[in-house]
Amino acid sequence: MKQRVSALLRETLQRDVALEKPKDRSFGHFATPIAFSLAKELRKSPMAIAQELADSFGEHPHFSAVESVAGYINLRLSEAFLDEYASWALTDPKAFASAQKNGSILLEFVSANPTGPLHIGHARGAVYGDTLLRLGRHLGYDITAEYYVNDAGNQIDLLGTSLQLEGRSALLGETVEWPEKYYRGEYLTDLSKEVQAVFGDEALRDESRQKELALWAKDKILALIVADLKAINVHFDTFVGEASLYDEWDRVMAKMGNGVYVSEGKTFIRSSGLGDDHDRVVVRDDGRPTYLAGDIIYHNQKFERCYDHYINIWGADHHGYIARVKAAVSFLGYDAQKLEVQLSQMVSLLKDGEPFKMSKRAGTVIQMGDVVEEIGADALRFMFASKKCDTALEFDIEELKKQDSSNPIYYIQYAHARIQTLIAKSELTLETIMATKLHGLSADADGLLFEALLLPEIIDDAFESRQVQKLPDYLKALAAKLHKFYYDTRIIGTDDEAKLLKLLLVVALSLKTGLSLLGIDAKDRM
RNA sequence: GCGUCCUUAGCUCAGUUGGAUAGAGCAAUGCCCUUCUAAGGCAUCGGUCAGAGGUUCGAAUCCUCUAGGGCGUACCA
């Protein structure tokens, strides 16, 4: 809708015009402060310019009024235009909120190590990434959702050790010496039981079998993670394992050319010239690759798959990595600007007002699955999607569990359900409703209709700015308008029933579409 | 120290490429169910937009500095 209006303005005024929502809806549907920026150039007062521009519209079928007020130009859309747009949205819901965006995107997110179930911190990245995915796909982008599995390196060794020690301690009753760092938790006890059943007691004692057990366990854990993600409606298209990439190592190193060098038996990447503090070790002097090595081959593999754009969603604690990986991408001969990294800031937890430290190794994690059980997937998704991801979040675990009817998700669901109830109660057929023209609407009805028709702009803006919280914000505002309208306006049995139901159908469409993009199903009944 | 993200109502957060009187939820107080679902509506209370300069017709928004906080600054992931 905004695009149509802005194209029209460009045509009429021969220039690009900023359109905004007026603070007060009584001013009109859209407003532009263009006269202010032209004032200097034209050496006239903003008021005079606005007046001239407003006059140049004359009578236009799209607008019922174009007025200049205090230098602003306020535009009011005609009911004919709104009705036509609403009818089109209802007959072609897919086209309504969609756009013909082109381009392929590789979106990598979550990528949590397969050493334990997802915790509440991972949930934020998962929700953010999946929401972005849904928005982007809806707009027409061809997006692949990918999970990078760190199934090599120290944490896998540690997993094998932890698994054996847990089994010997909990199952065999042995006294064991715990190393400084190790994983623990219920899932490890369960896994060690499985090891005992499948491989026998000896497997828990034989240190030479740690690697084998670790590789077996990480598949089991990855399955747990996938199930956790499924529970919150998050699905991946592809999984890429780190271990599978190392066959490519020599070829990738050669491709990096003098981006890498060897010193004191170690291989370094020359990242210091590209925004990094200093060069980083990629291969240790004992020949073991560092974490960065895996990322280098992985990104080479990503770029060889030829996407138009790459988005990585990382936890904010990885931000120091951006410069290194981008440096590697440049050395590999690719355009590092195609790689976009979105950081999802830390989620810090309080318990009864005191900081609550999570540690996977100490077993003090808040597992995502537990929270989902407490508050439900919808509420969890809505809560994380509502916060912009570059602010550190802090919340109390008890508060989180408490969220029930005070959660805004119910407010929006209720709005949708109320409309469905009215539609069901009405004796009018959908055909009659759809065929009715929207005219003679009250100011409130007009405001509600206009708000509902804004959905496409919100989706576009939320995705392109990567600010997914704009969608929940919008849905809350739309639901609020609906609730007020519902309270103020009698619908069933009035002369206006058909046209008001048509208006409400548009509202329901926007609510349902918006919710589905958040991975939440709209409810017809509460 | 350096890098980076942040600081808006008692709390959790919005605030459109700089625009008209800075918003919502929760909490608090008081109203509204003989009326399509009260998981709702209305009203009241609540703000030096961390602070100071600067740019601009116009700043919560852009620039500089200061204070406070998170994260990073590993041959851990």
Side-chain angles (χ1 to χ4, degrees), chain A residues 18-24 27 31-33 36-37 39-40 45-46 69-72 74 111-113 115 150 152-156 158 181 242 264-268 275-278 280-286 288-295 315-323 343 345-346 348 360 383 386-396 399 402-415 417-426 457-458 461 465 467 469-470 472-474 476-477 479-480 482-494 497 525-526:
Chain A
L19 271 186
E20 54 195 41
K21 275 184 0 191
K23 271 279 184 287
D24 186 338
F27 288 136
T32 175
F36 291 100
S37 33
K40 197 170 259 181
S45 78
V69 177
Y72 287 87
N74 295 329
S111 297
N113 288 343
T115 51
N150 288 114
N154 282 345
Q155 75 276 6
I156 290 294
L158 205 54
K181 291 179 168 183
E242 180 186 358
E264 297 171 11
K266 306 166 198 172
T267 307
F268 288 81
D276 200 359
D277 296 341
H278 42 89
R280 305 285 165 174
V281 173
V282 187
V283 183
R284 304 173 177 94
D285 49 12
D286 61 4
R288 285 156 55 234
T290 63
Y291 181 75
L292 181 59
D295 258 331
D317 53 341
H318 282 61
H319 83 255
Y321 247 74
I322 299 174
L343 296 176
Q345 287 290 333
M346 300 290 97
S348 51
K360 203 182 275 187
M383 182 185 65
S386 301
K387 319 290 182 192
K388 62 178 173 189
C389 69
D390 56 3
T391 312
L393 266 187
E394 188 175 89
F395 49 76
D396 198 294
E399 285 296 311
K402 228 166 40 188
Q403 291 223 8
D404 39 52
S405 60
S406 66
N407 194 302
I409 184 66
Y410 295 99
Y411 187 77
I412 297 165
Q413 296 278 30
Y414 190 39
R418 277 182 147 173
I419 296 173
Q420 296 308 323
T421 305
L422 290 179
I423 300 290
K425 275 222 158 85
S426 172
E457 283 102 279
I458 303 296
D461 186 26
S465 66
Q467 305 268 305
Q469 83 282 356
K470 287 169 190 270
D473 280 351
Y474 163 78
K476 275 187 272 187
L482 182 279
H483 285 306
K484 178 162 174 51
F485 188 75
Y486 181 92
Y487 185 84
D488 290 341
T489 318
R490 179 78 199 179
I491 294 163
I492 303 292
T494 67
E497 181 172 334
R525 274 165 185 273
M526 296 288 284

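Just so it is clear: chains get the letters A, B, ... in the order the sequence lines come, proteins before strands, and each one is counted from 1.
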>> Students often get this wrong, so: under 4.0 angstrom with heavy atoms, is A:Thr290 touching a base, only sugar-phosphate, or nothing?
In response: sugar-phosphate
>> Can you list everything that forms a ring pair (Phe, Tyr, Trp, His ring centres under 6.0 Å) with A:Tyr291? Sequence neighbours excluded, please.
In response: A:Tyr321
> Could you give the CD1-to-C1' distance, from A:Ile409 to B:C26, as a whole number of Å?
Replying inline: 17 Å
> Where do A:Leu422 and A:Ile492 come nearest, in terms of heavy atoms and distance?
Replying inline: O-CD1, 3.5 Å
> Paired with B:C62 by Watson-Crick or G-U wobble geometry, both distances under 3.5 Å: which nucleotide is it?
Replying inline: B:G54
> Looking for any heavy atom pair under 4.0 Å, which part of the strands does A:Gln469 touch: base, sugar-phosphate only, or nothing?
Replying inline: sugar-phosphate
> Among all residues two or more places apart in sequence or in another chain, which pass the side chain to side chain donor-acceptor pair (under 3.5 Å) test with A:His483?
Replying inline: A:Arg418
> Partners of A:Phe268 by ring pair (Phe, Tyr, Trp, His ring centres under 6.0 Å), sequence neighbours excluded?
Replying inline: A:Tyr261
Strictly under 3.5 Å: I want the nitrogen or oxygen pairs between protein and nucleotides 41-45 of chain B, one per line.
residue	atom	partner	partner atom	Å
B:G41	OP1	A:Tyr411	OH	2.5

>> For A:Lys484, give me all partners under salt bridge (charged side-chain N to carboxylate O under 4.0 Å, His left out), at least two apart in sequence or on another chain.
In response: A:Asp488
> Which atoms form the tightest heavy-atom contact between A:Ile491 and A:Thr494, and what is the distance?
Replying inline: O-OG1, 2.8 Å
Report all interatomic pairs (protein N or O, nucleotide N or O of nucleotides 4-6 of chain B) with separations under 3.5 Å.
residue	atom	partner	partner atom	Å
B:C5	O2'	A:Gln345	NE2	3.2
B:C5	O2'	A:Asp390	O	2.9
B:C6	OP1	A:Asp390	OD2	2.9

